[in-house]
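These notes concern the structure reproduced below.
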There are 2 protein chains.
Amino acid sequence: MVPDKMIGIVGGVGPYAGLDLMKKIFDETAASNDQEHLPVVMISESHKIADRTSFLLDKTKTNPAFAIVEVIKKLVSVGATVVGIPCNTAHSPHIFQVIKQQLRESATKVTLLHMVEETARYLTDKVAEVKKIGVLSTTGTHKTKIYPQILQRFGLQAILPDTTLQKQVHRAIYDPEFGIKTFSNPVNEKAKEILIDAISQLEQAGADIVVLGCTELPLAITQRKIGNCPIIDPTRILAKALIRAVDPNKLFPF
Amino acid sequence: MVPDKMIGIVGGVGPYAGLDLMKKIFDETAASNDQEHLPVVMISESHKIADRTSFLLDKTKTNPAFAIVEVIKKLVSVGATVVGIPCNTAHSPHIFQVIKQQLRESATKVTLLHMVEETARYLTDKVAEVKKIGVLSTTGTHKTKIYPQILQRFGLQAILPDTTLQKQVHRAIYDPEFGIKTFSNPVNEKAKEILIDAISQLEQAGADIVVLGCTELPLAITQRKIGNCPIIDPTRILAKALIRAVDPNKLFPF
């Protein structure tokens, strides 16, 4: 235990994605009683943080980066030393670079992990045989090419849905009638069906593995494999990276 | 939305009980997108908070009240206006009264809800026909008679396990081989079996309804009924009370 270190979570992007990250931090921590768990703080101020995809698709709105920075400062004020943002879309350079710049300018002392880079690193280190990575995401993440660009830097190739399939995937997340952001618990069957079909289409398009590149998706797809296709959950990878940053000895070995 | 109000959760008592409370707050909030959710902050510093039952059974150790007060102060420093502690045992007068006194002495401006009183009020208001309330809890909660005393004030009678059964219930929570505090996700089948048997024994002893009087128990017993016996989850009642304290219009009606 390193008591002066603490994990911070920018919650609310969305609320259940924050919970899912915190749960995976506890799940991946080697602890046999309450006292052996690592310190974690989460602030979920979803009402203050504009939708990340809406911002990316229509740049005239306020950049959610500024509200995210305010949350990070609060996390740091109560002791957080390393922070994760459980929202892939927030890692678009248009948002993430502004967050980094604001933190630098305000001299906020904190390590901010990059969820998508952590995922690419994991794929390179742990599943060396795969090269073609299917990616499911919001249309915001899709259009700003976050995954293809970062995967390429790590020598990997992204396989993305075509426009028609992408619209379906986005609806599985955002549709007010059945999307995960409206029905998180339990997730609507229609959202699940769309996503399982999308995974199968990416596999047919050559993907060796599929990344759930939106933190709402692991709420719907909890399996580690769909058919023969292994599923990668960046929320779990971020959880492990946050634990490692605080105390590598606390990382559950399996 | 009342943006200057915020829910605070004393996490880490235990870590999964904190998560469960936060999840139930989101579940019980009427929201159809991220931005409609209420602001919530949780600090999980389980390594600093001594086990509540150990303190109650051996008064020579540090009162966990002091560490809990430090967490509450941090929650308030980032905006929390109403706070819940998802640990029944922490509501024993030996702990809870010290927390209240410390908050008064430090002039900390916050509304601290009392989980057990909220549960007794719910039972009186919502399920008026029941009078005999079975209570499953840790041995700390059991010995300090938190539930019987508070239920009595509300005109209700507690039905508690006898010494042999209480030992079993406590093991279902704390046993290092199968207890919920060691195996939270998934919960071990042996812990579930002990608890289902205990509910049946309380029913045979006259209980009309059974309260899961330890926040680890709803992780194992997720059903609303076991056989014919309705199950009451104080974590869900606390979640609803916290929402009501911030904005009653946000409380999901069903």
Side-chain angles (χ1 to χ4, degrees), chain A residues 1-3 6-9 11-20 22-27 29 31-52 54 64 70-71 73-80 87 174 176-177 179 181-186 216, chain B residues 1-3 6-9 11-20 22-27 29 31-52 54 64 70-71 73-80 87 174 176-177 179 181-186 216:
Chain A
M1 171 58 59
V2 188
M6 189 183 204
I7 295 170
I9 300 173
V13 288
Y16 285 94
L19 270 182
D20 193 42
M22 201 170 198
K23 180 174 167 300
K24 283 167 183 164
I25 291 168
F26 295 148
D27 286 353
T29 301
S32 62
N33 59 40
D34 292 358
Q35 288 70 30
E36 288 175 15
H37 275 277
L38 293 173
V40 184
V41 52
M42 171 153 71
I43 296 178
S44 186
E45 291 192 301
S46 40
H47 65 299
K48 289 187 182 171
I49 306 177
D51 187 79
R52 284 66 64 198
S54 301
E70 292 313 306
V71 172
K73 286 181 184 171
K74 283 190 188 180
L75 293 170
V76 171
S77 78
V78 291
C87 171
Y174 277 96
E177 300 296 320
K181 284 202 181 274
T182 309
F183 301 96
S184 310
N185 186 37
E216 309 297 330
Chain B
M1 170 59 61
V2 186
M6 190 184 204
I7 295 169
I9 300 173
V13 289
Y16 285 94
L19 270 182
D20 193 42
M22 202 172 198
K23 181 175 166 299
K24 282 166 184 164
I25 291 169
F26 295 148
D27 286 353
T29 301
S32 63
N33 60 40
D34 292 358
Q35 287 70 31
E36 288 175 14
H37 275 277
L38 293 174
V40 184
V41 51
M42 171 153 73
I43 296 177
S44 187
E45 291 192 301
S46 39
H47 64 299
K48 288 187 183 170
I49 306 176
D51 187 80
R52 284 66 62 197
S54 300
E70 291 311 307
V71 172
K73 286 181 184 171
K74 283 190 187 180
L75 293 170
V76 171
S77 79
V78 292
C87 170
Y174 277 97
E177 300 296 320
K181 284 203 180 274
T182 309
F183 300 96
S184 309
N185 185 37
E216 309 298 328

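Chain identifiers are assigned alphabetically (A, B, ...) following the order of the sequence lines, protein sequences preceding nucleic acid strands; residue numbering begins at 1 within each chain.
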Exercise for the section: Go through B:L19, B:I25, B:I43 and name the one with the most non-hydrogen pairs under 4.5 angstrom from chain A. Expected result: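 Most heavy-atom pairs within the cutoff with chain A belong to B:L19.
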So which heavy atom on [X] is nearest to which on [Y], and how close?
X	Y	answer
B:Q35	A:A50	NE2-C, 3.8 Å
B:D34	A:R52	OD2-NH2, 3.2 Å
B:Y16	A:K23	OH-O, 4.2 Å

Practice task
Kindly write out the residues that satisfy ring-ring contact (aromatic ring centres under 6.0 Å, His included) with B:F183, not counting sequence neighbours, or none if the list is empty.
Solution key: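 So B:F183 forms no ring-ring contact (aromatic ring centres under 6.0 Å, His included) with any residue.
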Under a 4.5 Å heavy-atom cut-off, does chain B meet the side chain of [X], its backbone, both or neither?
X	result
A:N33	backbone
A:P15	both
A:I9	neither

Exercise for the section: Verify side chain to side chain contact (heavy atoms under 4.5 Å, CB included) between B:S44 and A:F26, making sure each step is shown before the conclusion. Expected result: CA-CA 10 Å; B:S44 187; A:F26 295 148; 3.6 Å; yes
Handout entry: salt bridge (Lys or Arg N to Asp or Glu O under 4.0 Å) partners for B:K24, two or more places apart
Key =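 Partners of B:K24 under the salt bridge (Lys or Arg N to Asp or Glu O under 4.0 Å) test: B:D20, B:D233.
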Handout entry: Expected output: side-chain B:T182 to main-chain A:S32 donor-acceptor under 3.5 Å
Key =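 A pair under 3.5 Å: yes.
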Problem - Separation between CE of B:M42 and CE of A:M22, rounded to the nearest 0.5 Å - result: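 So the CE of B:M42 and the CE of A:M22 are separated by 3.5 Å.
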Practice task
Check whether B:I49 gets within reach of chain A through its side chain, its backbone, both or neither, counting any heavy atom under 4.5 Å.
Solution key: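 B:I49 touches chain A through backbone heavy atoms alone.
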